[in-house]
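Here's the structure we're looking at; comments come further down.
Throughout, a chain's letter reflects where its sequence line sits, starting with A, and its residues are numbered from 1.
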Amino acid sequence: MSLKVYSGAKGELVDFVPLEDNKVKMYVCGPTVYNYIHIGNARPFIVFDTVRKYLKYRGYKVTYIQNITDIDDKMINKANELGITVKELADKFSAAYLEDIKALNIETADVIPKATEHIESIITMVSKLIEKEYAYLIDGSVYYDVSKFAGYGKLSRQDMEEIQHGSRVDVDVEKRNPADFALWKAAKPGEPSWDSPWGKGRPGWHIECSAMSAEYFGPQFDIHAGGIDLMFPHHENEVAQSEAASGVSPSVKYWLHNGFITMDKEKMSKSLGNMVLCRDMVDKYGGETVRLYMLSGHFRVPLNFSEDLIVQASQGLKRLYNVTDRLENMLEVASAYPSDNDKKFMNSLQVYRDSFIESMDNDFNTPQAIAVLYNLAKDANMYLDNSGDKISADLINHTLNLFSEFGAVLGILRNIRKKESLPEDLMLLIREREEARRRKDWSRSDQIRDTLNSHGIRLNDTPYGVQWTKTVS
RNA sequence: GGCGCUGUGGCCGAGAGGCUUAGGCAGAGCACUGCAAAUGCUCGCACCCCGGUUCGAAUCCGGGCGGCGCCUCCA
């Protein structure tokens, strides 16, 4: 079994082989921090975090970089609108962003470079591009001359002859060619700016990722990921910058682009205003539910958003927790020694692991991998149904561990084995109810059950006594 | 106009030539239960349309039709 990823250039699956034995250098385009992230922004963060988790699971040593864009037109406009500095804006929404991804169980990146903290590297790269005559200077701004880079358009399969240039007017720009793009923008009055060989200014839109990835990874790295809309021009421009500056090609071995979250089939975006904030969904349904929803479709395919789909995901997550809770509860009455059937079931566990890996190996097919969890859930439930209290602790532990193992890759099921004991008063109520049930005092019994329900505790009467679980919010 | 993605049962969503009943959610019935909850079983035999290839196509080819994205704000 080997990991395969889809190559846009070849239009087929290719073997994933890192540049350097088992080390993976991975760069994911991060947010521009001028607002809270919405559900659509969250998709690449979640899916590529899952890719990272899976790569680690498969034994790779992953270095994960995700930048924060803290200076550009949008930042400046928004700061002006709010009457605060760009720095204040960036600080506020960087912090919010970090909170949001934490709530989604996204691991912090190994490096979180910010554009404004890498001006030096950016200037160095721009200088090199001028030196090599890939870039030209006009009135304190520096532009990349696309015609100088032979492979331009390769990544996104754009034919420069056929491209239709936007009707949007670039007012103060005297580029030689409409496809040329700014590496360095001369400062306008009142804008944040930095000193450079070409006068005061700030970085262009695309250079930060090239400069920062080069600073931390060198001229070549394994995976570059981001939303599909970034493929052109952002990533195309990065390729042009990085490869022209370093002379090394390809700068990136595997490109991973995720499809959009759509609202009524339309792209969700800040500019269309049809967005749902990530934090609102997390507050309402929980981070794991949002994650499960996101991973319920393949990451390259558009995924529609509606609260109904989030509810579907939360029901699915509940199903998964029901079985792990059930297993945990049985631990209290489990036997010490595995029966022959138990051993058989434990041995069969490897089959689920194999299918899980097979699914994820296939271009990170999370929907298929999730189906493996449901199959395991069903089979474990069935086994529990049939074996009663004869089940062994070994089997339960093995099964729970497997759920945790899969959950760790997908970023869900963190609450397995996290069951806390109940407050004393609630425990007393449960005992009182047991007593009432013995007396067949059903009304008192049901009353207590309702009370506990209102505390978020669900009771299950089983042949082995009453068991409780917390209802998933 | 160029490039790319996509069309699967009520909903979501994998699969990719002939056994996957994929899986999940919702619904119905049954079993279990004091009643529940949970769980299990059973059910709806789905693949946009038209041709073609093939012994056999949802899956390949051709042609339609529909939806979406990118073409310098955008994850």
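Nearest-nucleotide mapping onto RNA chain B: of A:Arg433 and A:Tyr6, the residue sitting toward the 5' end is A:Tyr6. Ranked by how close their nearest RNA chain B nucleotide is to the 5' end, A:Arg43 and A:Ser443 are led by A:Ser443.
The partner of B:G29, taking Watson-Crick or G-U wobble pairs whose two distances both stay under 3.5 Å, is B:C41. Under the Watson-Crick and G-U wobble criteria, each requiring two contacts below 3.5 Å, nucleotide B:C60 is paired to B:G52. Under the Watson-Crick or G-U wobble criterion, with both distances below 3.5 Å, B:G4 is paired with B:C68.
The interatomic distance linking A:Leu292 (CG) with B:G24 (C1') rounds to 9 Å, in whole Å. Note: CZ (A:Phe232) to C1' (B:C74) measures 15 Å, nearest angstrom. Atom P of nucleotide B:A14 and atom CE of A:Met360 are separated by 14 Å, given to the nearest angstrom. In this structure, A:Leu327 atom CG and B:A38 atom C1' are separated by 13 Å, rounded to whole Å. For the pair A:Asn177 CG and B:C71 C1', the interatomic distance rounds to 14 Å; values are reported in whole Å. Distance A:Asp446 CG to B:U33 P: 17 Å, rounded to the nearest Å. One interatomic measurement links the two molecules: CG of A:Leu459 to C1' of B:A38, which rounds to 12 Å at whole-angstrom precision. Between A:Tyr293 atom OH and B:C25 atom P there is a gap of 18 Å when expressed in whole angstrom units.
Counting only heavy atoms from C-beta on, A:Asn41 has its side chain closest to B:A75 among B:A26, B:G15, B:A75. Comparing B:C35, B:A14, B:C5 by their closest approach to the side chain of A:His298 singles out B:A14. Of the candidates B:A36, B:G4, B:A75, the closest approach to any side-chain atom of A:Arg449 belongs to B:A36. Side-chain atoms of A:Asp461 lie closest to B:G34 of the nucleotides B:C25, B:G34, B:G69. The side chain of A:Trp442 has B:G34 as its nearest neighbour among B:U39, B:U72, B:G34. Among the nucleotides B:C71, B:A75, B:C35, the one closest to the side chain of A:Pro233 is B:C71.
Residues A:Leu104 and A:Val290 have side chains in contact (heavy-atom distance under 4.5 Å, counting atoms from C-beta outward).
Under 3.5 Å, the side chain of A:Gln312 and the base of B:C11 form at least one donor-acceptor pair of N or O atoms. Within 3.5 Å, no donor on the side chain of A:Arg458 pairs with an acceptor on the base of B:A38, nor the reverse. In the interface, the side chain of A:Ser445 is paired with the base of B:G34 through a donor and an acceptor atom under 3.5 Å apart.
Note on A:His234: nothing from the nucleic acid sits closer than 4.0 angstrom, heavy atoms only. Heavy atoms of A:Arg319 sit under 4.0 angstrom from primed sugar atoms or phosphate atoms, though from no base atom. Within the nucleic acid shown, A:Arg437 comes within 4.0 Å of at least one base atom, counting heavy atoms only. When heavy atoms are screened at a 4.0 angstrom cut-off, A:Asp180 is found touching base atoms of the nucleic acid. Using a 4.0 Å heavy-atom cutoff across all strands shown, A:Gly153 reaches no nucleic acid atom at all. Residue contacts shown for A:Gly226 are limited to sugar-phosphate atoms, with no base heavy atom under 4.0 Å away. Note on A:Lys74: only backbone sugar-phosphate atoms sit closer than 4.0 angstrom, heavy atoms only; bases stay farther off.
Taking the P atom of each, B:A37 and B:A28 are spaced 12 Å apart, rounded to whole Å. The same atom, C1', is picked in B:U59 and in B:A16; the two are 4 Å apart, to the nearest Å. B:U72 sits 36 Å from B:A14 when the C1' atoms are compared, rounded to a whole Å. Straight-line distance between the C1' atoms of B:A57 and B:C19: roughly 16 Å, to the nearest whole Å. Between the P atoms of B:G9 and B:G4, the separation comes to 28 Å (whole Å). Going from the C1' atom of B:C47 to that of B:A58 covers 4 Å, rounded to whole Å. With both ends at atom P, the span from B:U21 to B:C41 equals 14 Å, rounded to whole Å. With C1' as the reference atom, B:C65 and B:C48 are 8 Å apart, rounded to whole Å.
With salt bridges taken as basic N to acidic carboxylate O contacts below 4.0 Å, none links A:Glu236 and A:Lys154.
When the side-chain nitrogen and oxygen atoms of A:Arg326 are compared with OP1 and OP2 of B:A38, none of them lie within a distance under 4.0 Å. Regarding contacts with the backbone of B:A26, a side-chain N or O of A:Gln315 is found under 4.0 angstrom from either OP1 or OP2. Contact check, A:Asn322 against B:U39: a side-chain N or O comes under 4.0 Å of OP1 or OP2.
Each of A:Val333, A:Leu384, A:Leu331 was checked for a side chain to side chain contact (heavy atoms under 4.5 Å, CB included) with A:Ile391, and the lone residue meeting it is A:Leu384.
Between A:Tyr27 and A:His224, the two ring planes are tilted [angle within 30° to 60°]. By the 30° and 60° cut-offs, the orientation of the rings of A:Phe181 relative to A:Tyr144 is parallel. Using the six-membered ring where Trp is involved, A:Phe345 and A:Tyr352 have ring planes that are tilted, between 30° and 60° apart.
Using modelled atom types, one finds a donor on one side chain and an acceptor on the other under 3.5 Å when comparing A:Asn381 with A:Arg326.
Using a 4.0 Å cut-off on heavy atoms, the residues of residues 365-386 of chain A that approach RNA chain B are A:Asn365, A:Pro367, A:Gln368, A:Ala371, A:Tyr374, A:Asn375, A:Lys378, A:Asn381, A:Met382, A:Asp385, listed by number.
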(message) The test is side chain to side chain contact (heavy atoms under 4.5 Å, CB included); show your working for A:Trp468 and A:Leu426 and say whether it passes.
(response) CA-CA 11 Å; A:Trp468 61 270; A:Leu426 297 184; over 6 Å; no
(request) Output, in order, the C-alpha distance, side-chain angles, deciding distance and verdict of side chain to side chain contact (heavy atoms under 4.5 Å, CB included) for A:Glu307 and A:Tyr285. (result) CA-CA 10 Å; A:Glu307 278 204 50; A:Tyr285 298 99; 2.4 Å; yes
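Aromatic rings of A:His235 and A:His257 (six-membered ring for Trp) have centroids within the 6.0 Å cut-off, being under it.
Looking only at distances, a side-chain donor or acceptor of A:Thr324 sits under 3.5 Å from a matching main-chain atom of A:Tyr321.
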